[in-house]
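Written out below as structure tokens is the structure these notes cover.
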Number of protein chains: 2
Amino acid sequence: MLKYQHIADELENYIEEHKLQQGDKLPVLQDLMIQFNVSKSTVTKALELLEKKGVVFQVRGSGIFVRRHKRKGYISLTSSQGFKKTLEDFQITSKVIELDVRKPTKEAAFNLNISLEEDVYYVKRIRFIQGQTLCLEESYFKKSIVTYLNKEIITESIFHYITEGLGLSIGFADTFLHVEKLTAEEAQYLALKEGDPKLDVESIFHLSNGQPFDFSKVTYNYVQSQFFLQAVL
Amino acid sequence: MLKYQHIADELENYIEEHKLQQGDKLPVLQDLMIQFNVSKSTVTKALELLEKKGVVFQVRGSGIFVRRHKRKGYISLTSSQGFKKTLEDFQITSKVIELDVRKPTKEAAFNLNISLEEDVYYVKRIRFIQGQTLCLEESYFKKSIVTYLNKEIITESIFHYITEGLGLSIGFADTFLHVEKLTAEEAQYLALKEGDPKLDVESIFHLSNGQPFDFSKVTYNYVQSQFFLQAVL
DNA sequence: TTGATTAATTGTACCGGTACAATTAATATG
DNA sequence: CATATTAATTGTACCGGTACAATTAATCAA
């Protein structure tokens with residue numbers, strides 16, 4: 001494992017375990033260098049990582065401080081799938097509605113940058129949070145990249161399978177949000193009424209080499225739709 | 001100006017001017033070092049910046065490539081106010097509804113981490129995009145930090161005034177999203193109907209030293225509510 | 001020509017260092 | 001005792017360098 005990754009993990013764990021609060025001070029750079037026996041730039045790199053993640057902020061001439069917001073139960077918009085990590089205290093389950101290999105819709109083909117003839121895995125599932133319907137999800141996976149999927153895999157974490165099982169490296173994602181009214185079909189799945197608010201989240205996921213491999217459309221139950229993001233400006 | 005900032009700007013302009021597309025290759029590190037006459041780490045730092053901004057992605061052993069999504073008219077969730085930069089082609093105007101110094105609501109006090117007795121500037125305004133109502137905004141600025149505001153300032157860019165006029169440095173923000181139904185009052189402002197969908201965006205802005213200085217609640221017209229964000233995973 | 005092997009390319013990890021800006025602490029000054 | 005000045009602290013910018021991993025290009029073998 002990379003040194004700076006390891007340091008970042010250690011620091012994050014430390015903050016978690018000691019229940020540090022916003023503004024609490026961490027050891028200074030010099031001390032961290034000694035503690036982990038690495039150079040200044042390696043510690044700096046670890047801290048940059050944590051800064052991006054919204055875990056700390058640094059103030060020149062002053063120190064390194066914990067950044068932690070007060071709200072719970074929000075889904076992170078910046079972590080890959082959103083779940084798992086940020087909502088680890090909450091019970092997330094899935095029910096698979098459909099799974100098959102097919103040709104993409106025009107929309108999916110456009111977003112994945114493929115032809116209408118190229119095969120994709122189509123996945124449709126509902127996700128529950130604490131038993132409540134959280135969202136309805138449709139995904140299109142480029143079959144040339146995600147060569148195999150089955151019900152067991154997609155009931156668990158697809159992304160975990162892609163990275164660990166297939167050995168692929170996920171790079172980045174473009175995410176688009178829309179607010180609209182629920183259609184009759186969607187309302188039924190989400191146990192809401194037609195015309196109720198909904199949040200549509202469309203994401204295009206890319207491998208580290210830039211290839212798009214997954215286009216997903218997720219419709220959220222507006223009651224459960226609480227999202228957050230931490231930006232460095 | 002910082003060297004790596006300058007390089008990042010230059011590269012971004014180059015991409016824009018030459019209308020480079022997703023996947024287009026930029027000069028390799030070595031060439032950029034020579035071109036800008038700086039060390040490897042400085043170029044790397046510039047590229048990290050652009051990577052965070054979602055402008056490029058790098059592939060080890062291969063090169064530096066342009067990252068550019070195809071959709072227009074989306075508001076960026078990661079840039080400070082969202083507007084100005086990403087929607088520069090669109091006409092954004094503001095109408096001030098209220099502006100005064102007052103005591104914060106319990107909610108504002110909580111989010112700004114201040115007492116109920118500390119003064120805040122309260123700003124309420126409507127923002128229009130191409131003449132259409134885009135959003136209704138309520139902001140609470142800590143008066144001890146943002147010492148003065150007037151109608152001219154808030155009709156233009158408040159953040160520009162805070163950085164340039166007051167010489168403050170904005171650090172980071174926590175942003176929370178909710179989807180709900182419009183109240184009667186909100187509906188009126190936004191020229192929509194009560195019960196229509198809305199997107200609420202609450203943000204807490206902090207200075208570089210970690211102090212929160214602005215809590216804002218923005219209610220978006222769902223028709224205009226198109227947001228995007230580019231994440232590195 | 002195909003496939004495997006090797007070599008060249010290219011970005012990333014990490015080191016050690018100097019200079020400096022912003023903050024904070026210490027000291028001097030009235 | 002408040003306030004201005006100076007000094008110490010602490011993070012950031014930037015340099016130059018070595019080693020190496022992932023990709024791509026070139027070469028060789030069958």
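Note that these values count all heavy atoms, side chains included, but never hydrogens, waters or copies made by symmetry. The structure presented is a predicted model; accordingly, all values stated were derived computationally and were not measured. Order of the sequence lines fixes the chain letters, A, B, ..., with proteins taken first and strands second; residue numbering starts at 1 for each chain.
Per the geometry, CD belonging to B:Gln30 stands 15 Å off C1' belonging to C:dT12, to the nearest Å. The separation between A:Phe57 atom CZ and D:dT12 atom P is 12 Å, rounded to whole Å. Distance A:Met33 CE to C:dC14 C1': 12 Å, rounded to the nearest Å. Atom CD in A:Gln5 sits about 9 Å away from atom P in C:dA13, given to the nearest Å. One interatomic measurement links the two molecules: CG of B:Leu32 to P of D:dC15, which rounds to 13 Å at whole-angstrom precision. The interatomic distance linking B:Asp31 (CG) with C:dT9 (P) rounds to 12 Å, in whole Å. At whole-Å resolution of the value, CG in A:Leu47 and C1' in D:dT12 are 12 Å apart.
Between B:Phe205 and B:Phe159, the ring planes are perpendicular. Angles over 60° get that label, and only those under 30° would be called parallel.
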Run A:Ser94 and A:Thr155 through side chain to side chain donor-acceptor pair (under 3.5 Å) and show every step you take. CA-CA 6 Å; A:Ser94 298; A:Thr155 305; over 6 Å; no
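The side chain of B:Ser39 contributes an N or O atom lying less than 4.0 Å from OP1 or OP2 of D:dC15. Phosphate proximity of C:dA13 to A:Lys45: present, with a side-chain N or O under 4.0 Å from OP1 or OP2. For B:Tyr4, a side-chain nitrogen or oxygen approaches OP1 or OP2 of D:dA13 to under 4.0 Å.
B:Gln226 contributes no side-chain N or O that, together with a main-chain N or O of A:His178, makes up a donor-acceptor pair within less than 3.5 Å.
The base of C:dT12 sits with one of its N or O atoms less than 3.5 Å from a complementary donor or acceptor on the side chain of B:Lys40.
Residues A:Phe176 and B:His69 place their aromatic rings such that the two centres sit under 6.0 Å apart. Taking the six-membered ring wherever Trp is involved, the centroid distance between the rings of B:Tyr140 and B:Tyr121 does not fall below 6.0 Å.
Projected onto DNA chain D by closest heavy-atom contact, A:Leu29 and B:Lys3 fall at different nucleotides, the more 5' of which corresponds to A:Leu29. Nearest-nucleotide positions on DNA chain C for B:Gly63 and A:Val59 put B:Gly63 closer to the 5' end. Along DNA chain C, the nucleotide nearest to A:Phe65 and the one nearest to B:Val28 differ in position, and the one closer to the 5' end is contacted by B:Val28.
Residue contacts shown for A:Leu2 are limited to sugar-phosphate atoms, with no base heavy atom under 4.0 Å away. Here A:Ser62 lies in heavy-atom contact (under 4.0 Å) with sugar-phosphate atoms only.
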